[in-house]
Amino acid sequence: MSKRLKQTTKGRAADVAAREATLAVELKGWFRKSARDLPWRRTRDPYAIWLSEVMLQQTRVETVIPYYERFLQRFPDVRALASAEIDEVLSLWSGLGYYRRARELHRCAQEVASMHGGVFPAEAAELRKLRGIGPYTAGAVSSIAFDRPAALVDGNVARVLARLEAIEDDVKSTAGLKRIWSVAERLVPREEPGAWNQALMELGATICTPQNPACLICPVRDACAARAQGRERELPIVGEKRASPRVAMVAAVVEHEGRFLFARRKEGGLFGGLWEPPMVEAQTAEDAKPSLRGAGVAVEAKLTEVGRVEHVLTHRELDVLVLRARADRLWPLEAPTTAPYERLAWMERGAEGVGVSTLARKILAAAKPEKKGATRKKKARA
DNA sequence: AAGCCGGGGTC
DNA sequence: GACCCAGGCTT
């Protein structure tokens, strides 16, 4: 390579570096000026920041805020969380979804308490070893709580970087994610990496949005390759997702003097660790009876249909027929034999202190003795 | 690499 | 309805 060419190459590399340094200054400046005031941005406590990041996995900021506040109030530090009962953790998590996160959160707290002396490690590689902490959360905690120059990629960052660099790959594919991550790692600055990462996410959430990006007010529009090509609405490219199948279910709400029959689901699967009125896959009440008996619903229970509940999940649409019965006594409960359940109990309607899904709450509400208007509505639909 | 795992806001 | 959100784990 000639001396002259070498200098040119070096010169271009220097130009790129200068452009990226400018980009970092611009974006961080914008972030300082226009960042939303979010609860977890008022603390430097790694525990609180970690808690917020786990709650924010696949979950919107507005949804998380009240859960974050309640959680932090009940469990002010990692040891408090580590020593809690899992049922109480799930209780505070109820309604937030993806309940495995709550179990992993609890286990992670126990790992930090027992193996790290109650102190979160600062390096992403160490954080990554803990339960429930993947590449994103490791980068987030390391950069935001510890000012380490760790990269991070979430849905927002993937979209922003795909547009900024006009990346053609499917951003959900392995190859696409690998490319996005390499860009993220190249761009993360030594100075204020936490502000940089949060700025990328903030930009994606408020300006560089999926549908109608507000390029006219974007602080980095002049550096955006997609915009330069007029393709900001075509990028990023995302693969097709398939429709979720419908699943017919039957639930039985059994009551005796204000106590309700609840079953606890085994950990691991759908709604793992949560309590609910017994609920089985079946088309009709008659078909459901054998499985319901295996979930504690005694033969003597006279079941009547009281309504239907629909519930949409990521990969399934549940259509639940709700049955109701008055038990003449609190009959003794044995170990359930129906698949998803591990334990039975008579509980108050609210099932205080344990985890209950939104679906279960909808089923309980549907079985509640009705006011006249609601009753007519159900009959009209049937 | 693909599937599983909630719930809800927005267009 | 469709989209997708401060993803991670399992197979």
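Below, chains carry the letters A, B, ... as their sequence lines are ordered, and counting in each starts from 1.
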Please state the P separation for the pair B:dG8 and C:dG8 - nearest whole angstrom. 22 Å
Sequence-aligned protein contact record of nucleotides 3-8 of chain C, with B where the base is within under 4.0 Å of a protein heavy atom and S where only the sugar-phosphate is: SBBBBB
Can you tell me if A:H315 touches the phosphate of B:dC4, counting only side-chain N or O atoms and a distance under 4.0 Å to OP1 or OP2? no
Would you mind reporting whether A:R361 and A:R349 have side-chain heavy atoms less than 4.5 Å apart? no
Give me the distance, rounded to whole Å, that separates C:dC4 from B:dG6 when you measure between the C1' atoms they each carry. 13 Å
Nearest whole Å is fine: how far is B:dG8 P from A:I65 CD1? 16 Å
Using whole Å, report how far CH2 of A:W93 lies from P of B:dG7. 13 Å
Taking CG from A:N212 and C1' from B:dT10, how many angstroms apart are they, rounded to a whole number? 11 Å
Taking the basic N atoms (NZ, or NE/NH1/NH2) and the acidic carboxylate oxygens, is any pair closer than 4.0 Å for A:K302 and A:D328? no
Give the rounded distance in Å between these two atoms: CZ of A:R103 and P of B:dC4. 17 Å
Counting just side-chain N and O atoms, does A:R316 come under 4.0 Å of either OP1 or OP2 of B:dC5? yes
Taking NE2 from A:H311 and C1' from B:dC5, how many angstroms apart are they, rounded to a whole number? 12 Å
With a 4.0 Å cut-off, would you call A:R41 and A:E202 a salt bridge? yes
Would you please classify the geometry between the A:Y68 ring and the A:W40 ring as parallel, tilted or perpendicular, with 30° and 60° separating the classes? perpendicular
Round to the nearest Å and state the distance from A:E317 atom CD to B:dC4 atom C1'. 16 Å
Which residue, A:R190, A:E192, A:E185, forms the side-chain contact (heavy atoms from CB on, under 4.5 Å) with A:P149? A:R190
Listed in order of residue number, which residues of residues 270-280 of chain A have a non-hydrogen atom at under 4.0 Å from DNA chain C? none
Does the pair A:C224 and A:E232 meet the rule for a side-chain contact (heavy atoms from CB on, under 4.5 Å), with working shown? CA-CA 9 Å; A:C224 182; A:E232 66 270 15; 5.5 Å; no
Side-chain N,O (A:T174) to OP1/OP2 (B:dA1) below 4.0 Å: yes
Quick one: are the ring centres of A:Y67 and A:W93 less than 6.0 Å apart? no
Is the shortest side-chain heavy-atom distance between A:Q110 and A:R131 below 4.5 Å? no
With heavy atoms under 4.0 Å as the rule, sort A:R361 into base, sugar-phosphate or nothing. nothing
Looking only at atom C1', what distance separates C:dC5 and B:dC5, rounded to whole Å? 14 Å
Within the structure provided, determine whether A:E20 and A:L187 are in side-chain contact (heavy-atom separation under 4.5 Å). yes
Look at A:T63 and B:dG8 and indicate whether a side-chain polar atom (N or O) is within less than 4.0 Å of OP1 or OP2. no
